[in-house]
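All residue numbers refer to positions in the sequence shown, counting from 1.
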Amino acid sequence: MGLCKKKSGEMEVTDKKDDAVRLKKEIGLIHGISIIIGVIVGSGIFVSPVGVLKNTGSVGVAMVLWVVCGLFSVLGAVCYAELGTTIPRSGGEYIYILKAFGPLPAFLCLWINFICIGAVSNAANSLIFATYVLKPMFPMCEPPEIALQLIGAVAITFLTAVNCFNVKWAAKVAVVFTASKLIALFTVIITGFVYLAKGNTEYLQNTFEGSSSSVGAYALAFYSGFWAFAGWNYLNFLVDELINPRKNLPLAIIISLAIVTVTYILANICYLTVLSPDEMLESSAVAVLFADRTLGVMAWIMPLFVAASVFGTMNSEMLSMSRVFFTGAEEGHLPVFLAMINYKWLTPAPSIIVLMIFTIAFMMSKDIFYLIELTGFTYAILICSSVAVLIYLRYKQPELTRPIKLPIGIPIFLFFWTLFIVVLTIYQQPMESLISICIFLSGIPVYWFGVSWEKKPKAFQNFIDCWTQRLQKLFMVIPQEPASITESNPEPLLE
């Protein structure tokens with residue numbers, strides 16, 4: 001391993017016979033599955049799976065919609081699997097858009113991820129985690145806001161330390177907490193089947209009675225269900241650290257989505273062995289109410305399981321999203337300091353710490369869940385843009401090596417469907433969509449100042465260089481060493 005030493009005001013690496021100082025491939029198939037499930041299965045299935053049931057009007061149609069949403073998510077995921085194996089670099093949508101459509105569209109993707117999506121989502125999850133940790137102590141009222149923020153900040157700081165110290169540790173945390181959330185869901189499922197065996201089928205009879213006749217309602221139901229599966233693209237952010245990505249990326253995506261789809265459907269059925277559809281719609285925490293009705297003195301474990309589930313989601317988001325910042329900085333679209341790694345731990349510590357700072361800052365916002373609504377629209381745009389990249393590259397560069405090559409009809413169909421979701425979002429939330437577009441476009445002047453304006457005043461550049469060196473020394477980080485020939489992709493990705 002290289003060692004850092006000071007020379008001419010900079011930190012450099014002295015060569016040793018150990019491995020180069022760069023991110024290592026330490027994420028295996030099980031880790032990858034855990035990361036995807038860890039992001040997808042957050043608090044939603046435990047708290048209130050309301051959107052699909054409310055808009056369909058019946059239990060039967062709701063179950064059909066969950067299956068349909070799972071299948072559509074699989075289509076999106078396999079499109080990302082083709083992209084991730086054709087362009088095997090970390091960064092997800094950012095790197096795909098960069099390679100196909102150029103720096104400005106890619107920067108805007110990076111900008112919205114940097115400003116909103118990663119940190120806002122993690123901040124909201126931190127507050128939800130704190131709520132369920134403190135709920136047993138405040139059974140009759142809401143926990144104090146300052147306590148929620150403090151517990152959330154402690155959780156994020158802990159995860160930052162784990163992710164900075166060791167990638168394997170972070171991946172193992174993902175495995176442990178993914179297992180805990182699956183145990184919680186299996187507890188619901190097993191208990192539900194016990195009640196089903198006892199004949200509790202009152203709410204599972206005439207399941208299609210009361211089904212909505214509105215096409216718009218079904219569109220909204222699909223919208224709610226489709227986004228309940230959001231997160232299947234997060235492993236694409238970590239391709240550089242994934243062992244054998246051309247094999248493990250598609251396997252992890254398909255296996256994790258199969259597990260999530262089956263689990264979602266079974267959990268919703270089992271809720272209905274104890275709770276009526278109206279109780280599910282009105283409850284702020286379906287799994288907790290289910291546990292109160294069925295687990296007796298052990299009902300207290302469900303809030304802890306929900307907290308553990310959200311904690312695992314926070315860890316997976318931090319592990320994945322920090323790599324987007326790291327890749328963006330490597331491409332010169334963010335400060336170079338964010339493209340450095342700790343010389344001892346071989347982790348992108350600066351990107352992880354910056355994500356922590358943004359997360360805690362958003363956690364203090366009074367409108368954090370409103371910000372979450374704003375990010376949904378931009379997330380839809382990013383998915384649509386990535387599928388467009390796949391279609392574009394099929395025709396622009398058909399000679400690229402594609403370990404996975406889907407029938408072209410699949411990405412074309414998915415492109416128009418995700419475009420429909422974007423239009424539906426504008427129709428349903430015009431003001432929020434407009435604000436999201438404004439935030440998105442605010443990255444253009446930032447791009448001009450930070451990226452396009454190359455001939456900055458020398459004094460300004462010296463100031464930036466000085467602070468970069470100071471931060472390098474403080475965090476003991478250096479630029480990544482080039483990959484060896486055997487580690488790097490032997491074929492050029494794109495011209």
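If you take CG on Leu110 and CD1 on Ile97, they are separated by 10.5 Å, rounding to the nearest 0.5 Å. To the nearest 0.5 Å, atoms CG (Asn125) and CG (Asn315) are separated by 12.0 Å. With values rounded to the nearest 0.5 angstrom, Leu238 atom CG is found 10.0 Å from Leu249 atom CG. Within the model, atoms OG of Ser256 and OH of Tyr234 stand 14.0 Å from one another, a figure rounded to the nearest 0.5 Å. Between the CD1 atom of Ile30 and the OG1 atom of Thr178 there is a distance of 11.0 Å, given to the nearest 0.5 Å. Residue Ile341 holds its CD1 atom at 11.0 Å from OG of Ser351, rounded to the nearest 0.5 Å.
Judged purely by distance below 3.5 Å, without hydrogens or angles, the side chains of Thr86 and Glu82 never pair a donor atom with an acceptor atom. For the residue pair Ser121/Glu317, the side-chain donor-acceptor check at 3.5 Å is satisfied. Side chain to side chain, His333 and Tyr447 fail the donor-acceptor criterion of an N or O pair below 3.5 Å. Side chains of Thr313 and Lys181: a donor-acceptor N/O pair is present below 3.5 angstrom, by distance only. For the 3.5 Å distance criterion, the side chains of Asn236 and Tyr94 fail to qualify, holding no donor opposite an acceptor. For the residue pair Thr56 / Tyr218, no side-chain donor-acceptor distance below 3.5 Å is found, with atom types taken as modelled. Looking only at atom types and distance, the side chain of Ser211 has a donor-acceptor partner in the side chain of Ser58 under 3.5 Å away.
Note on Glu330 versus Arg89: salt bridge recorded, some NZ/NE/NH1/NH2 to OD/OE distance being below 4.0 Å.
In this structure, Tyr271 has its ring center at least 6.0 angstrom away from the ring center of Tyr203. Taking the six-membered ring where the residue is Trp, the centroids of Phe72 and Phe229 are separated by 6.0 Å or more. The ring of Trp417 has its center closer than 6.0 angstrom to the ring center of Phe420. Checked against the 6.0 Å centroid criterion, the rings of Phe440 and Trp111 do not qualify as a close aromatic pair.
Note: Phe311 and Phe129 have tilted aromatic rings, judged against thresholds of 30 and 60 degrees for the angle between ring planes.
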(request) Give the C-alpha distance, both sets of side-chain angles, the deciding distance and a yes or no for ring-ring contact (aromatic ring centres under 6.0 Å, His included) between Tyr96 and Phe101. (result) CA-CA 8 Å; Tyr96 308 146; Phe101 302 141; over 10 Å; no
(message) Could you go through Ile40 and Leu257, starting from their C-alpha distance and side-chain angles, then the distance that decides it, and tell me whether this counts as side-chain contact (heavy atoms from CB on, under 4.5 Å)?
(response) CA-CA 9 Å; Ile40 295 176; Leu257 276 171; 3.9 Å; yes
(request) Could you go through the side-chain contact (heavy atoms from CB on, under 4.5 Å) check for Met321 and Leu355 one step at a time? (result) CA-CA 8 Å; Met321 193 59 68; Leu355 180 58; 4.1 Å; yes
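Using a 4.5 Å heavy-atom threshold, the side chains of Ser126 and Thr359 count as touching. Side-chain contact between Thr207 and Met63: absent, with no pair of heavy atoms (C-beta onward) separated by less than 4.5 Å. Here the side chains of Asn163 and Thr347 are not in contact, with every heavy-atom distance at 4.5 Å or above. Within the 4.5 Å cutoff, the side chain of Asn55 has no heavy atoms near those of the Leu65 side chain. The side-chain heavy atoms of Leu319 and Ile35, taken from C-beta on, include a pair separated by under 4.5 Å. The shortest side-chain heavy-atom distance between Thr85 and Pro245 does not fall under the 4.5 Å cut-off. Proximity of Val310 to Tyr132: side-chain heavy atoms (C-beta onward) are nowhere separated by under 4.5 Å. Taking 4.5 Å as the limit, every side-chain heavy atom of Arg394 sits out of range of all side-chain heavy atoms of Ile391.
The minimum heavy-atom distance linking Val446 with Ser442 is given by the pair CG2-O, 3.6 Å. Looking at every heavy atom in both residues, Asp240 comes nearest to Pro88 through OD1-O, 3.6 Å. Val167 and Leu346 make their closest contact through CG2-O, 4.4 Å (heavy atoms, listed as atom of the first residue, atom of the second, distance). Contact record, Ile183 with Phe305: CG2-CZ, 3.8 Å, taken as the closest heavy-atom pair. Across all non-hydrogen atoms, the minimal contact from Ala81 to Ile404 is CB-CD1, 4.0 Å. Heavy atoms only, all atoms of each residue included: Ala184 and Met302 are closest at O-CE, 4.2 Å.
For Glu26, the salt bridge (charged side-chain N to carboxylate O under 4.0 Å, His left out) test picks out no residue, with sequence neighbours left out.
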